[in-house]
Amino acid sequence: MDLDVAQVRAFVRAADELHFGRAAGTLAISQQALSKRIARLESLLGVELFRRGGNGVRLTEAGQRFLPPARQTLAVADAAVAAAVGKHRPLRVDVWGHLYAPMRTLAHVAGQAGDLTLGHGRDLPSVTAALLHGDIDAAFGRVHPPLPSGLTHRLVRLEPVDAVLSTDHPLAAEPALRPDRLSDSVLWAPGRLDRLDFLHRFADRFEIRDTATSVNLGLAHFLAEVAQDPRGFSLLPADAPLPEIPGLRSVPLVDPTPLYAWSLLWRAGNGHPGLSDLTAACATEAGQRRWLEYDPARDWLPEPPANRAFGKEQASPTDRA
């Protein structure tokens, strides 16, 4: 009996999600295609792997027995592909969160990380789907839960965030601002706030009631709209270069200082040798530039990281697989 790896992968994704639609999305295929792959696998094995009913999808006893060795099968198959081609192609790295310029951080490590090719992901869901489908090897941006199972991430940088506001704003002349002083201002977002996790959580934490939404046509267009609103502001990493826009000022935020968390994200079991080089380069640069400093009495993070993420050695991607 020869197993089809694509069918096994469809089964594992469906077992992880317990929802055929979501599982299909993570594999970048249609739900119909996923259902067909699982049906063919069940026909080959001669057993039913899922119970489908009004209460959703759940594994049968046979499906529960099949799941652990199925995961091992995928890991071995992926390792075999990596062994055959991994040393002969660049590491494919994508990014998301373009308004906050993720390439600034990757530029610091690219020279130490071997041969890379860079893409331009649209958002976190599209990047995670590409990772799970094997279209890319790693991605860089802000990670926030929930993430699909099968992905691993590592914190790389915690970057202080400034308020960017109109020079006509009543607080524009302040040398620094506490975030809660912005509660009567208008938070501008380059898209729906409920889809922008960091800005959404900032608004909740510091009771920003008034928001405005812009069309994301790039940083310059977005900040030009902010500059025209005398009550408006938005947030940008302190190190991000601002376009020269009249009527705009950047003010540091303190007590607490919001931190934007940048992470490297990859699929567990990816054996590309460049992935270990990239994570090692990120760790070296983070140590030299003090990128991972965090004091809960001084700083604010939407999700405070585990203590082990700061200043302690972490496993390499191949160790974690």
> Establish, from distance only, whether the side-chain atoms of Arg157 and Thr105 form a donor-acceptor pair under 3.5 Å.
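A donor-acceptor contact under 3.5 Å links the two side chains.
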> Check Val95 against Val127 and note the closest heavy-atom contact, atom names and distance.
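That would be O-CG2, 4.2 Å.
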> Please confirm whether the backbone N or O of Thr117 pairs with a side-chain atom of Arg92, one donor and one acceptor, at under 3.5 Å?
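Pair absent, no side-chain N/O of Arg92 close to backbone of Thr117.
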> With no hydrogens and no angle check, is any side-chain donor or acceptor of His98 less than 3.5 Å from a backbone partner on Ala101?
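No; zero donor-acceptor contacts below 3.5 Å.
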> Go through the steps to decide whether Trp188 and Phe233 satisfy the test ring pair (Phe, Tyr, Trp, His ring centres under 6.0 Å), and finish with yes or no.
CA-CA 6 Å; Trp188 277 79; Phe233 80 99; over 10 Å; no
> Can you confirm whether more than 12 heavy atoms, excluding those of Glu207, are under 6.0 Å from its CD atom?
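Open: at most 12 neighbouring heavy atoms sit under 6.0 Å from CD of Glu207.
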> Would you be so kind as to tabulate the donor-acceptor pairs closer than 3.5 Å made by side chains of residues 221-228, with sequence neighbours excluded?
residue: Glu225; atom: OE1; partner: Ser214; partner atom: OG; Å: 2.3

> Can a donor-acceptor pair be found between the side chains of Glu285 and Trp291 at a distance below 3.5 Å?
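Their side chains do not contain a donor-acceptor pair, so the 3.5 Å distance test is not met.
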> For residues Leu158 and Leu301, determine if any side-chain heavy atom of one lies less than 4.5 Å from a side-chain heavy atom of the other.
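Leu158 vs Leu301: side chains touch.
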> Tell me, with the steps shown, if Leu278 and Leu264 meet side chain to side chain contact (heavy atoms under 4.5 Å, CB included).
CA-CA 9 Å; Leu278 179 58; Leu264 194 65; 3.8 Å; yes
> What class does the angle between the rings of Phe50 and Phe11 fall in, given that below 30° is parallel, 30 to 60° is tilted and above 60° is perpendicular?
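Rings of Phe50 and Phe11: tilted, 30 to 60°.
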> Is there a donor-acceptor contact under 3.5 Å from the side chain of Asp180 to the main chain of Phe206?
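No.
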